[in-house]
Amino acid sequence: MIDVRELKTRTEEIRKNIENRFMNVDLDQILADQDKRSALMQETETLRAKRNENAQKMKGKLDSDARKALIDEGKAIKDKLTEVEAEFNEIDKKFMDEARTIPNYTHPDAPIGKEDKDSLAIKFFGEPTKFSFKAKDHVQLGEELDILDFDNGAKVAGQKFYYIKNKGVILQMALERYAMDIVVKHGFTPFITPDIAKEEILNGIGFNPRGAESNIYTIEGTGTCLVGTAEITLGGYYSGEIIPKDKLPIKMTGLSHCFRREAGGAGQYSKGLYRVHQFSKLEMFIYCLPEESDKYHQEILSIEEEIFQGLGLPYRIVDTATGDLGAPAYRKFDIEAWMPGRGDEGEYGEVTSTSNCTDYQARSLNIRYRDDDGKPKFVHMLNGTAVALSRAIVAILENYQNEDGSITIPPALVPYCGFDRITK
RNA sequence: GGAGAGAUGUCCGAGUGGUCGAAGGAGCCGGACUCGAAAUCCGGUGUAGUGCUUUGCAUUACCGAGGGUUCGAAUCCCUCUCUCUCCGCCA
């Protein structure tokens with residue numbers, strides 16, 4: 001969340017930012033509740049001070065009349081305090097819930113706009129793949145090659161679940177190792193993380209586990225959820241801690257399963273592996289000093305490029321428009337790989353996403369470092385996809401297909417696969 | 001899953017209702033001593049809020065988390081989380 005003290009000092013900036021992001025946040029209501037909360041907080045503290053003073057007076061020996069008078073006074077204070085505290089707690093919860101809905105500030109260079117199409121393509125790599133034959137999509141390719149099985153996935157687990165089979169399994173493992181090797185080479189510590197996290201961690205990262213529109217599976221009666229990304233488990237790793245400054249930056253990379261409800265996510269653009277309830281992903285995560293987060297955001301993006309360039313996949317980089325940024329993100333870059341089977345004649349489809357969340361998550365999760373002045377300060381936190389296995393497989397199958405329906409393995413993956421072609 | 005033990009400041013550790021924001025020790029910072037260092041001695045040293053006459057003063061909260069009892073809770077009661085030991089089960 002943002003620093004609520006800045007509601008007073010940066011009011012108009014916050015108001016404008018909410019507008020730019022096209023969010024439904026009633027800032028005036030929040031400001032009014034903040035004033036109410038403030039007044040009740042002071043009243044509560046005054047009463048507590050009186051209570052403490054009253055208790056202090058009773059430490060020594062007293063005659064019974066004096067003691068009784070003090071006890072009566074204490075009781076009266078207690079009754080009043082109980083009442084005021086209840087009022088304060090109510091407005092405090094309301095205010096904090098409201099304040100949490102305020103989005104992070106936005107990088108001044110992020111394009112302003114409401115939708116996908118307002119995002120800015122800032123770089124292209126390669127040319128969209130051309131075929132001398134009619135290109136198939138990955139669903140058809142995968143089923144004909146017997147490496148993807150959606151029908152039995154649906155039968156056993158439900159719609160949008162799938163089995164990966166045969167050389168498809170090896171291809172996914174090869175991709176994992178390929179990406180892992182590149183990321184580790186750049187100094188990231190590898191992790192395999194839990195696939196489950198507590199709701200408080202989800203909330204701190206900026207995911208809402210509740211509500212009809214939530215993308216998160218909650219596990220009934222446990223206070224935990226299935227993670228939608230290792231961003232959650234990597235970002236929760238240092239929650240509540242003060243990190244020594246000389247340990248920063250901390251670079252982590254985590255492999256996890258990702259579970260997403262994707263309610264209402266059906267349709268042509270979501271078919272096959274593109275949008276599924278479960279997939280595996282290798283995620284990068286960085287904790288760093290505030291002044292360095294822009295730099296590390298670029299570093300994550302360049303590692304993502306290295307991974308996709310190494311695979312020989314054409315892609316473009318998109319600077320996400322304000323209206324499409326998640327609340328925690330200060331700025332976000334997506335890599336969209338060319339997917340020949342998408343739409344009628346192929347389209348770019350998102351394969352990675354990297355966000356600089358500045359101190360927004362760190363404040364909610366209370367993750368700080370000790371600065372040179374001895375004071376703890378919030379770290380900046382960044383995340384980025386190294387490789388989302390399901391979507392990378394979409395791009396590989398569709399770009400590396402041959403006329404006979406076989407798939408050529410990208411050269412960089414051959415050493416990891418042990419074969420160079422998938423055939424019927 | 002069952003039984004038991006535990007969780008206190010940067011760390012170790014004392015504390016079973018008021019004199020406890022918390023003994024003692026270690027560490028760290030400053031000073032004395034020293035040619036310098038070590039040892040020794042002296043002083044300081046948590047976090048997050050709030051208010052104000054804002055490089056300070058006052059005040060509130062924080063002893064795993066949340067609730068309760070009480071005029072008053074680190075201390076008593078309840079729930080939960082985590083750690084350790086033993087048993088069970090298991091990859």
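- As rounded to whole Å, 16 Å separates atom C1' of A58(B) from atom NZ of K50(A).
- Only the C1' atoms considered, G17(B) is 15 Å distant from C63(B), to the nearest whole Å.
- Between the side chains of D324(A) and T320(A), no donor N or O sits under 3.5 Å from an acceptor N or O.
- Nucleotide G56(B) forms a pair with C52(B), judged by Watson-Crick or G-U wobble geometry with both contacts under 3.5 Å.
- Applying the Watson-Crick and G-U wobble criteria (two distances, each under 3.5 Å), U45(B) pairs with G27(B).
- A cation-pi geometry, defined here as NZ or CZ lying under 6.0 Å from the six-membered ring centre and within 45° of its normal, does not hold between K36(A) and F95(A).
- The aromatic rings of H277(A) and F161(A) sit tilted relative to each other, their planes meeting at an angle between 30° and 60°.
- Nucleotides A74(B) and G15(B) are separated by 8 Å at their C1' atoms, to the nearest Å.
- Pair check for A91(B) finds none; no Watson-Crick or G-U wobble contact set falls under 3.5 Å.
- Taking the centre and axis of the six-membered ring of Y274(A), the NZ or CZ atom of R342(A) falls inside the cone set by 45° and 6.0 Å.
- Atom C1' of nucleotide U59(B) and atom CD of E53(A) are separated by 12 Å, given to the nearest angstrom.
- Between H297(A) and F333(A), the distance separating the two ring centers is shorter than 6.0 angstrom.
- In this entry the distance linking CD of E85(A) with C1' of G68(B) reads 13 Å, nearest Å.
- Rounded to a whole angstrom, the distance from the C1' atom of U75(B) to that of C57(B) is 32 Å.
- The pairing partner recorded for G18(B) is C71(B), the criterion being a Watson-Crick or G-U wobble arrangement whose two distances lie under 3.5 angstrom.
- Residue pairs meeting the salt bridge (charged side-chain N to carboxylate O under 4.0 Å, His left out) criterion with at least one partner in residues 233-245 of chain A, sequence neighbours excluded, are K245(A)-D371(A), K245(A)-D372(A).
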>> What does the B/S/- profile of nucleotides 48-53 of chain B look like, 5' to 3', with a 4.0 Å heavy-atom cutoff to protein?
In response: SBSS--
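- Atom pair E43(A):CD and U60(B):P shows a separation of 16 Å (rounding to whole Å applied).
- If you take atom C1' in A32(B) and the same atom in U47(B), they sit 32 Å apart, rounded to whole Å.
- Identified under the salt bridge (charged side-chain N to carboxylate O under 4.0 Å, His left out) test for residues 39-52 of chain A, with sequence neighbours left out: R48(A)-E85(A).
- For the ring pair (Phe, Tyr, Trp, His ring centres under 6.0 Å) test, residues two or more places apart in sequence or in another chain that qualify with Y330(A) are H107(A).
- Distance noted for atom C1' between G1(B) and G88(B): 7 Å (whole Å).
- Using P as the reference atom, C62(B) and G9(B) are 15 Å apart when rounded to the nearest Å.
- Under the 6.0 Å distance and 45° angle rule, R368(A) does not count as a cation-pi partner of Y238(A).
- Look at CG on D92(A): it is 15 Å from C1' on G66(B), rounded to the nearest Å.
- With a cut-off of 3.5 Å on both Watson-Crick or G-U wobble distances, the partner of C82(B) is given as G6(B).
- Protein atom CG of L40(A) is 18 Å distant from nucleotide atom P of U60(B), rounded to whole Å.
- Taking the side chain of Q56(A) as heavy atoms from C-beta on, and the options U19(B), U60(B), U47(B), the nearest nucleotide is U19(B).
- Here A65(B) presents its P atom at 13 Å from CG of N366(A), a figure rounded to the nearest Å.
- Taking atom CD of E200(A) as the reference point, atom P of C80(B) lies 16 Å away to the nearest angstrom.
- Pairs engaging residues 410-422 of chain A under the salt bridge (charged side-chain N to carboxylate O under 4.0 Å, His left out) rule: D404(A)-R421(A) [sequence neighbours left out].
- Nucleotide C35(B) is matched to nothing when pairs are restricted to Watson-Crick or G-U wobble geometry with both distances under 3.5 angstrom.
- Note: Y237(A) and F191(A) meet the aromatic proximity criterion, with ring centroids under 6.0 Å apart.
- If you take atom P in U8(B) and the same atom in G66(B), they sit 16 Å apart, rounded to whole Å.
- A48(B) and C11(B) are spaced 15 Å apart, taking the P atom of each and rounding to whole Å.
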Write down the protein N/O and nucleotide N/O pairs, taken from nucleotides 70-74 of chain B, whose separation is under 3.5 Å; answer none if there are no such pairs.
from, atom 1, to, atom 2, distance (Å)
C71(B), OP1, K75(A), NZ, 3.4
C71(B), O4', I71(A), O, 3.4
C71(B), O2', N54(A), OD1, 3.4

